[in-house]
Amino acid sequence: MTTALKKTTGIDMKLTNIGTIKELFARHGFSFTKSLGQNFLINPAVCPKIAELGLEGANEPSEVCALEIGTGVGVLTRELAKRYKKVVAVEIDTKLKPILEETLADFDNVEVVFADVMETDLAAVIAEKLGGAETAVCANLPYYITSPVIMRVLESRLPVRSMTVMVQKEAADRLCAAPGTRECGAISYAVRYYSTPELMFRVNRGSFMPSPNVDSAVIRMTVSPKNTLPEEREELLFRLIRAGFSQRRKQLVNPLSGELHRSKEELSALLGSLGIKPSARAEELALEDYIKIAESI
Ligand code: SAM
């Protein structure tokens, strides 16, 4: 899908050009902070695709807003600003401020909040800065907080339509893995509880500056209210899944009996009554099986 670009600039800033980035850095005295996962995108094909994916399926694309996490020099921010009604981006590194003032100067629909995304009340950001409009999360996530950020958005049931994010390839495989596959883990079930994940495309390590040691991939999680257990059941559900995967080679009744302080016989009978093989391992259960167990305890 190609969305009509709302904003056009005469000469587009080439923020994917290494020379342009180096010149910006030299002029503003900026240097990378490795611990913040600063690997900036220099492949010109990637950011427009991420921006477009967040709009796919929207009834009124011109009304959708974007929430970005981690601006870097604003390469994705600019692509979002061209297509979305308004963009709010949360960036932790205040050293990027003078650079962003320059690179985002020709957009009046972008606001950068300088804060740690893990400490930011994102629901308040969406309500106050985006007026509660339909919102898509789009980001090239800092790798050191990939799962915490994703789970924070999903678990807090932020009112967002989707999250389209770049993550390391292995993380992408795990987050999108279907139950029953070798890659799946507790987080694969959690992601599926709140959303429908899709692996969209791979991005090689040469697409970043500096280049990381591993390849990456863009995934999209389309958020839906399909599963809505009461809060205490939800907590129990994730406790059961985590317990199961903490001993994934063992039969599920073993870790579950430890977690729930019940005998293996009692749990075997319970699983049997729910149509689940008592000898099954954690990864052999569907999400619906875990939900049935959480509902019946
Ligand atoms: N979007 C840019 C791009 O694609 O080139 C930058 C992506 S870079 C992988 C991750 C960005 O997240 C960096 O700009 C980094 O400073 C920022 N960041 C790291 N930790 C953060 C945090 N806790 N809260 C907000 N931003 C963070």
Side-chain angles (χ1 to χ4, degrees), residues 12-18 20-22 24-25 28 30-54 66-84 87-104 107 110-122 124-125 129 136-153 156 158 163-169 171-172 200-201 203-219:
D12 216 347
M13 268 209 159
K14 289 277 176 286
L15 290 182
T16 50
N17 180 298
I18 295 179
T20 306
I21 300 174
K22 282 189 174 161
L24 266 175
F25 284 6
H28 293 285
F30 179 86
S31 52
F32 290 107
T33 303
K34 210 176 161 198
S35 60
L36 290 178
Q38 291 183 339
N39 299 99
F40 296 167
L41 267 163
I42 51 166
N43 177 338
V46 176
C47 291
K49 278 202 221 168
I50 296 177
E52 298 278 334
L53 283 168
L67 173 65
E68 187 189 5
I69 295 159
T71 58
V73 295
V75 65
L76 173 59
T77 324
R78 286 178 62 88
E79 296 303 326
L80 296 172
K82 290 177 197 170
R83 294 165 174 84
Y84 289 74
V87 181
V88 172
V90 182
E91 168 58 58
I92 199 170
D93 190 352
T94 50
K95 290 202 300 331
L96 288 164
K97 195 167 182 219
I99 295 182
L100 290 165
E101 276 165 3
E102 192 174 319
T103 60
L104 301 176
F107 295 101
V110 181
E111 189 174 342
V112 182
V113 176
F114 286 94
D116 181 342
V117 69
M118 297 306 288
E119 306 281 323
T120 305
D121 182 346
L122 295 174
V125 168
K129 300 197 182 293
V137 176
C138 292
N140 170 14
L141 287 177
Y143 72 95
Y144 75 101
I145 44 169
T146 300
S147 301
V149 169
I150 291 174
M151 289 320 296
R152 188 167 150 79
V153 170
S156 61
L158 266 198
M163 294 181 81
T164 306
V165 292
M166 171 93 68
V167 299
Q168 293 194 338
K169 185 185 152 297
M200 306 309 303
F201 59 94
V203 179
N204 69 40
R205 63 195 77 183
S207 300
F208 302 88
M209 174 185 170
S211 175
N213 296 329
V214 292
D215 292 331
S216 294
V218 170
I219 65 171

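When a ligand or atom number is given, it counts from 1 through the structure's own listing order. All heavy atoms count here, side chains included; hydrogens, waters and symmetry mates do not.
Residues passing the side chain to side chain donor-acceptor pair (under 3.5 Å) test with Gln38 are Asp93, sequence neighbours excluded. Annotation: ring pair (Phe, Tyr, Trp, His ring centres under 6.0 Å) contacts of Phe30 (sequence neighbours excluded): Phe25.
Residue Lys129 places its NZ atom among 12 or fewer non-hydrogen atoms of other residues, nucleotides or ligands, all under 6.0 Å distant.
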Given side-chain contact (heavy atoms from CB on, under 4.5 Å), test Asn39 with Phe32 step by step and report yes or no. CA-CA 8 Å; Asn39 299 99; Phe32 290 107; over 6 Å; no
One pair to check against side-chain contact (heavy atoms from CB on, under 4.5 Å): Val117 and Leu122. What are the steps and the verdict? CA-CA 8 Å; Val117 69; Leu122 295 174; 4.1 Å; yes
Residue pair Thr16, Phe40: steps toward the side-chain contact (heavy atoms from CB on, under 4.5 Å) verdict: CA-CA 9 Å; Thr16 50; Phe40 296 167; over 6 Å; no
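Remark: distances from the non-hydrogen atoms of Ala115 to ligand 1 include one below 4.0 Å. Residue contacts with ligand 1 include Glu68, since one of its heavy atoms falls under 4.0 Å from the ligand. The closest approach between any non-hydrogen atom of Glu91 and ligand 1 is below 4.0 Å.
Between the CG atom of Asp116 and the CD1 atom of Ile145 there is a distance of 6.5 Å, given to the nearest 0.5 Å.
Distances between N or O atoms of Val75 and those of ligand 1 include no value under 3.5 Å. On a distance-only criterion, Ile92 and ligand 1 share at least one N/O pair closer than 3.5 Å. Distances between N or O atoms of Val117 and those of ligand 1 include at least one value under 3.5 Å. Considering backbone and side-chain atoms alike, Asn39 places every N or O at 3.5 Å or more from each N or O of ligand 1.
Classification of Lys82 and Glu79 as a salt-bridged pair holds, one side-chain N sitting under 4.0 Å from a carboxylate O.
Among protein heavy atoms, the minimum distance from atom 9 (C) of ligand 1 is reached at Gly37 O, 3.1 Å. The nearest heavy-atom contact from the protein to atom 5 (O) of ligand 1 is Leu41 N, 2.9 Å. Nearest non-hydrogen protein atom to atom 2 (C) of ligand 1 is Thr71 O, 3.3 Å. The protein atom (non-hydrogen) at minimum distance from atom 19 (C) of ligand 1 is Leu36 O, 3.1 Å.
In this comparison of Asn140, Leu100, Val90, Ile145, the heavy atom closest to atom 7 (C) of ligand 1 sits on Asn140. Selection from Cys138, Gly70, Ser35, Ser207 by nearest heavy atom to atom 1 (N) of ligand 1 gives Gly70. When the heavy atoms of Phe208, Phe40, Tyr144 are ranked by distance to atom 20 (N) of ligand 1, first place goes to Tyr144.
When each of Leu41, Thr77, Thr103, Leu76 is paired with Leu15, the side-chain contact (heavy atoms from CB on, under 4.5 Å) condition holds for Thr103 and for no other.
Close approach of ligand 1 to Asp116 (heavy-atom distance below 4.0 Å) involves ligand atoms 22 (C), 23 (N), 24 (N). Below 4.0 Å from some heavy atom of Gln38 lie the following atoms of ligand 1, by number and element: 13 (C), 15 (C), 16 (O). The Gly72 neighbourhood of ligand 1 comprises atoms 2 (C), 6 (C), 14 (O), with distances under 4.0 Å to a heavy atom of that residue.
The shortest non-hydrogen separation linking Glu91 to Thr71 is OE1-N, 2.9 Å. Nearest heavy atoms, Ser207 versus Asn43: OG-ND2, 3.2 Å.
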